[in-house]
Amino acid sequence: GIGYRELPSEKENTNTNLNSGLSIISKGTEYRNETFYNLVLGTDYYINPMNVITLSGSATYEVEDQPSETNFLESMPISSFVSSWKREETTEATNPKIQYELQYKRDFRDNKDHQLLFSAIGRYFGKDQSSVFSESLITGDAELSNQKTKTSFEEGKYTFNLDYTRPFKSDWTIETGTQYVANNVSNDFEVSNEENGDYVIDEGLTNVFDYEQNVLGIYGTSAYEKSNWGIKLGMRIENTQLNTLLQNTGQKNDRNFTDLFPSFHSSYKLTERTSFQLGYSRRIYRPRLWDLNPFFNIRNNYSVRAGNPDLQPEYTDSYEVGSIFVLPAISFNVNAFYRITKDVIERVSVIEDNINVYTPLNLGESHNAGLEINFKYAPFSKVSFNGDAFWNYFSRDGQFNDQSFDFSSDQWSGKMTTKVKVNRELEFEMTGQYQSDVETVQGTNSGNLFADIGIRYKIMNGKGVFNFSVRDLFRSRFRENESEFNEFYAYSYSTRGRFITFGFSYGFGKGEAMQYSGNRRR
């Protein structure tokens, strides 16, 4: 495959000191233009009907170009002081990606669900990026400085799985397995400021961040199922080794911890059309690389994201109860849940010298209760409606640096997808979604309403497929946040806008052509 795409993003930020009235307002369009080349290969080798080995791999090479421009305005309402300037960015990057997988599957003759599965997956991602930020004064006397950044990034991730499933009789099954995931990253980030015609490295923003995380998990489940009820018990034990290092400063964060994750699920079929479920599970969310890495690209040096190397994982205990109802033309399920999350990760703004730095922090405990409804309605053989509605009430308890972050709020959302199969060749799909505004630890994220459409047309008995899709049809999908804290006000707005995809695929040999989606590579 070969392709080219443009992803413009419109952004606006305002930082205001409520005491002095000083405001920094920035507006601009950030571009990410990308040319990509990719190759996918795979093969199956059948040793015999019960044993098969699969080897597959893919290679991708991306060339990025990011010509962006942001306009800044610095104003003081109580005086005539106004300055404005323009910040232009020229960024070039190359991103090689490689993935390969070896899989072995063994089936057993005594039962079709009796099997052994082993897989080994390797992934590599690299980025070599350089950026130049040029600033030019429009009005006033603001102090400006051109900047350069360089990034050398390498990540290797290796996943090994061994799973064994064994049914006993017709109503009892055990599953057991193990997984080992090794993730190694090195991110070399350098910032230089122009001083008297020369570029000087900014030691405060330059560093090499090394990240290594190894997770070993072992699990076992046992399921017992009769004609009208069933129960499933499980236990997973995981050991996590995490090491981070800021090479230039020598700051380390080494952790080694072991956790237990029990689970319980039960179901009861009242009739052929009505059933009920009950479940409990314990989960973990480990901070990702960019949650921990304190250095980011400074596209807008008045609105900066930064990671937190001391971030701890989140733990959630989830309790759920639900029911499924199946009628001739419609089926729907209703689920209620209650979740307790400890060491909740939230992004918090800290403003100094009108620079807004977003940093993730562990902020206490969260209690969530909610209701989710899903349905499928097919009034005709060629028309179907799929929808869901979600409502969530939550309360947060926590503090940081003697500042309380206790609050409670709720949020709801709805989604509807309509599919129309005009004939064997032509299909149409449209999705509309609404998400309400929601209170955050420091402000409010506004709600939004948006729609996507897609058309699929088959030719040559399905061997050729045309696809046309439009994401965010009305350009109404955006992110907007308002915050007021510690005598500061911050506002941010961003939108990607409409994204249009047109593609054609042709398959030969067995089966139909694969369906191309513009979202598949995201």
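From a predicted model like this one, the values you see are computed outputs, not experimental measurements. What you see below is based on every heavy atom in this structure, not just the backbone, and it leaves out hydrogens, waters and symmetry mates.
- Ring to ring, Phe189 and Phe209 are not that close: their centroids are 6.0 angstrom or more apart.
- Note: Tyr224 and Trp229 meet the aromatic proximity criterion, with ring centroids under 6.0 Å apart.
- Asp406 and Gly398 make their closest contact through OD1-N, 2.7 Å (heavy atoms, listed as atom of the first residue, atom of the second, distance).
- Atom OG1 of Thr444 is separated from atom CD of Glu484 by 10.5 Å, given to the nearest 0.5 angstrom.
- Note on Lys226 versus Asp171: salt bridge recorded, some NZ/NE/NH1/NH2 to OD/OE distance being below 4.0 Å.
- Using a 4.5 Å heavy-atom cutoff, the side chains of Asn239 and Asn214 are not in contact.
- In this structure, Asp291 and Tyr285 have side chains that are in contact, with non-hydrogen atoms separated by less than 4.5 Å.
- Using a 4.5 Å heavy-atom threshold, the side chains of Ser83 and Phe72 count as separate.
- A 4.5 Å side-chain heavy-atom check between Gln411 and Gln435 finds at least one atom pair inside the cut-off.
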Requested in this report: Could you please spell out the steps behind the side chain to side chain donor-acceptor pair (under 3.5 Å) verdict for Ser281 and Ser263?
Outcome: CA-CA 4 Å; Ser281 62; Ser263 63; over 6 Å; no

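- When atom types are taken as modelled, the side chain of Arg339 and the backbone of Asp317 share no donor-acceptor pair closer than 3.5 angstrom.
- Glu69 places a side-chain heavy atom less than 4.5 Å from the side chain of Lys86.
- With respect to Glu64 and Lys127, a salt bridge is recorded, a charged nitrogen being found less than 4.0 Å from a carboxylate O.
- Judged purely by atom type and a 3.5 angstrom limit, Asn95 has no side-chain atom pairing as donor or acceptor with the backbone of Glu62.
- Partner of Thr431 under the side-chain hydrogen bond (donor to acceptor under 3.5 Å, both in side chains) criterion, chosen from Asn386, Thr418, Thr417: Thr417.
- Using a 30° and 60° split on the angle between ring planes, Tyr315 and Phe261 fall in the parallel class, below 30°.
- Defined by atom type and a distance below 3.5 Å, a donor-acceptor pair is present between the side-chain atoms of Tyr219 and Asp163.
- Here the side chains of Tyr493 and Ser446 are not in contact, with every heavy-atom distance at 4.5 Å or above.
- Aromatic rings of Phe332 and Tyr377 (six-membered ring for Trp) have centroids beyond the 6.0 Å cut-off, not under it.
- Using a cut-off of 4.0 Å between Lys/Arg side-chain N and Asp/Glu carboxylate O, Arg255 and Asp310 are scored as not salt-bridged.
- Atom CD of Glu365 has more than 12 heavy atoms from other residues, nucleotides or ligands within 6.0 Å.
- By the 30° and 60° cut-offs, the orientation of the rings of Phe394 relative to Phe407 is perpendicular.
- By the 4.5 Å heavy-atom criterion applied to side chains, Asn183 and Tyr211 are counted as neighbours.
- At least one side-chain heavy atom of Tyr280 sits under 4.5 Å from a side-chain heavy atom of Pro262.
- Look at Lys157 and Glu155 and you find no salt bridge, because none of the NZ, NE, NH1 or NH2 atoms lies under 4.0 Å from a carboxylate O.
- Checking each of Arg479, Arg477, Lys27, Arg475 against Glu10 for a salt bridge (charged side-chain N to carboxylate O under 4.0 Å, His left out) leaves exactly one that passes, namely Arg475.
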